[in-house]
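Throughout, protein chains are lettered first and strands after them, A, B, ... in sequence-line order, and every chain is numbered starting at 1.
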There are 2 protein chains.
Amino acid sequence: MAHRTISDEEFLGRALDLFRTYGYEGVSLSRLSEATGLEKASLYYRYPGGKEEIVMAVAARVVQGFEEHLFTALKAEGPPRKRVMAVAEQLRDFYCDGSKPCAINMLSIAGGGEDLKTMLRNVTQAWLKAFTEIARESGMSLSLARLRAEEAIVRIEGSLVVARALGDNAPFQRTLKLLPDLLTEA
Amino acid sequence: MAHRTISDEEFLGRALDLFRTYGYEGVSLSRLSEATGLEKASLYYRYPGGKEEIVMAVAARVVQGFEEHLFTALKAEGPPRKRVMAVAEQLRDFYCDGSKPCAINMLSIAGGGEDLKTMLRNVTQAWLKAFTEIARESGMSLSLARLRAEEAIVRIEGSLVVARALGDNAPFQRTLKLLPDLLTEA
DNA sequence: GTCTATATTAAGATAGAC
DNA sequence: GTCTATCTTAATATAGAC
């Protein structure tokens with residue numbers, strides 16, 4: 001086959017799709033090669049550290065996605081409730097209506113390295129902080145806002161797990177629907 | 001090394017620990033061999049179908065655990081609230097206070113076979129049904145009881161994911177604490 | 001910058017001794 | 001019923017042509 005190429009953006013998107021679906025241990029370089037059209041040697045050219053370096057780049061892209069989409073929507077103009085509704089739409093999109101697993105869940109499985117765990121802990125903390133801030137803006141006390149932020153993330157993550165186990169996205173969709181009340185109504 | 005042996009009970013317990021920690025793809029026969037003290041050939045003697053048969057036996061044990069511990073506690077004597085408190089203690093035990101991942105989450109990752117998915121869907125549905133029944137006994141309407149049962153499982157699963165990502169079990173412990181209210185207070 | 005080809009290690013799986 | 005030894009396939013990783 002002739003020279004194929006693929007942008008870093010596109011490459012990381014497809015790699016993310018693999019890692020969130022199969023987990024770190026479930027993704028082989030052959031699988032990555034097949035999904036991206038690049039031979040294994042080319043993967044090593046782009047990422048000399050191999051799978052470990054690729055998964056770190058994927059995690060960095062996830063962090064970037066949180067910043068560009070979620071956190072930006074949370075700090076936009078307008079009333080808090082509207083902003084939370086916009087966030088819910090971003091989440092629906094990222095999780096494909098509940099049919100795709102959460103990268104934080106799948107990449108925090110044992111097997112990945114220590115740096116990966118640190119990135120995932122940091123992005124989860126940033127997510128908690130962002131949800132706490134919007135809840136505070138809605139007039140909640142700091143302690144209630146923190147609890148609601150945690151509850152929101154817990155229910156998003158949990159509903160994705162339950163949806164996958166049941167083969168039915170309804171639990172995720174119900175969770176998104178109650179997100180505005182959860183984060184803006186005391 | 002001389003002949004070693006291990007009971008099926010003990011074997012499946014250690015195998016469950018591996019699968020819930022590393023996921024189906026992350027568990028190799030070498031890892032199973034090391035964790036159980038049986039050589040690979042002995043694993044094939046006990047489970048001719050290899051890893052796929054082992055993970056099915058592990059999943060069956062998980063189902064059995066749900067029936068023996070959770071569902072039994074839910075159908076015991078006494079007021080519903082007390083029974084839910086007993087269930088919370090069983091959950092605390094099974095998930096080691098929030099430090100061990102949920103087998104349903106980890107085994108429903110893509111890679112396991114279709115039979116495995118069916119078992120996990122069935123046990124999740126049975127769990128939903130059991131929680132719905134205790135909520136109904138507490139006087140809730142069927143539709144509210146169903147919502148609360150789903151919310152309870154969603155929050156258990158989600159808090160385990162968040163606890164793992166943060167490296168802090170507090171979210172799981174908070175979830176257990178509110179379980180009695182969630183399932184028995186309209 | 002991607003490819004083909006290949007080396008090396010680990011995984012899944014079986015044969016046969018004890 | 002468990003072991004050692006071995007086979008086959010797949011995984012990670014590198015060398016060198018283009």
Side-chain angles (χ1 to χ4, degrees), chain A residues 1-59 61 106-107 109-116, chain B residues 1-59 61 106-107 109-116:
Chain A
M1 209 174 297
H3 284 214
R4 294 159 293 187
T5 196
I6 182 175
S7 69
D8 281 13
E9 177 90 359
E10 179 70 14
F11 176 84
L12 289 176
R14 297 197 193 177
L16 168 58
D17 232 47
L18 288 180
F19 280 113
R20 80 196 305 199
T21 303
Y22 298 103
Y24 181 73
E25 305 256 19
V27 176
S28 64
L29 292 183
S30 312
R31 218 166 207 169
L32 279 163
S33 168
E34 191 186 6
T36 62
L38 285 178
E39 289 300 324
K40 283 187 278 185
S42 304
L43 301 183
Y44 279 100
Y45 178 82
R46 293 198 185 195
Y47 304 94
K51 198 167 83 165
E52 208 168 315
E53 189 175 341
I54 294 174
V55 81
M56 287 298 292
V58 165
R61 189 184 180 277
M106 300 302 285
L107 291 180
I109 294 170
E114 210 53 44
D115 291 350
L116 179 59
Chain B
M1 208 173 297
H3 282 215
R4 293 159 294 185
T5 196
I6 182 176
S7 69
D8 281 12
E9 177 90 359
E10 179 71 13
F11 176 84
L12 289 177
R14 296 195 194 179
L16 169 57
D17 232 48
L18 288 181
F19 280 113
R20 79 197 305 203
T21 302
Y22 298 102
Y24 181 73
E25 305 255 20
V27 175
S28 65
L29 293 181
S30 311
R31 218 166 206 169
L32 278 164
S33 168
E34 191 186 9
T36 63
L38 285 178
E39 289 300 325
K40 282 190 279 185
S42 303
L43 299 184
Y44 278 100
Y45 178 81
R46 294 197 183 196
Y47 303 94
K51 197 166 85 164
E52 208 169 313
E53 189 175 339
I54 294 175
V55 81
M56 286 299 292
V58 164
R61 188 184 182 279
M106 300 302 285
L107 292 180
I109 294 170
E114 211 53 44
D115 291 350
L116 179 58

Please name all residues satisfying ring-ring contact (aromatic ring centres under 6.0 Å, His included) with A:Y24, sequence neighbours left out, ordered by chain then number.
none
Residues of residues 26-33 of chain B with any non-hydrogen atom less than 4.0 angstrom from an atom of DNA chain C: list those, numerically ordered, please.
B:V27, B:S28, B:L29, B:S30
Donor-acceptor pair, side chain of B:T21 and main chain of B:D17, under 3.5 angstrom:
yes
Could you state the atom-to-atom distance from CD of A:E25 to P of C:dA10 in whole Å?
14 Å
Taking the side chain from A:T36 and the backbone from A:F11, do they hold a donor-acceptor pair closer than 3.5 Å?
no
Calculate the interatomic distance between B:Y24 atom OH and C:dA11 atom P; express it in whole Å.
14 Å
Any donor and acceptor pair, going by atom type alone, linking the side chain of A:K51 with main-chain N or O of A:V27 inside 3.5 Å?
yes
Look at A:Y45 and C:dT2 and indicate whether a side-chain polar atom (N or O) is within less than 4.0 Å of OP1 or OP2.
no
Value in whole Å for how far the P atom of D:dT12 lies from OH of A:Y47:
16 Å
Value in whole Å for how far the P atom of C:dT2 lies from CZ of A:F11
10 Å
So, OP1 or OP2 of C:dG1: does either fall under 4.0 Å of a side-chain N or O from A:S42?
no
Looking only at atom types and distance, does a side-chain atom of B:R31 sit under 3.5 Å from a main-chain N or O of B:G26, one as donor and one as acceptor?
yes
Check whether any side-chain heavy atom of B:R46 lies under 4.5 Å from a side-chain heavy atom of B:L38, and answer yes or no.
yes
Quick one: A:L43 CG to C:dT4 P, roughly how many Å, whole number?
13 Å
B:R46 CZ to C:dA13 P: how many Å, rounded?
18 Å
Hey, mind stepping through A:D115 and A:M56 against side-chain contact (heavy atoms from CB on, under 4.5 Å) and telling me if it holds?
CA-CA 8 Å; A:D115 291 350; A:M56 287 298 292; 3.7 Å; yes
Less than 4.5 Å apart, side chain to side chain, heavy atoms only: is that true for A:I6 and A:R14?
yes
Under 3.5 Å, N/O pairs linking protein and nucleotides 14-18 of chain C:
none

Backbone of A:L12 reached by a side-chain donor or acceptor of A:R61 within 3.5 Å:
no
If you only use heavy atoms from C-beta on, which nucleotide in D:dT2, C:dC3, C:dG1 is closest to the side chain of B:L38?
D:dT2
Ranking D:dG1, D:dT4, C:dC3 by distance to the side chain of B:E39, first place goes to D:dT4
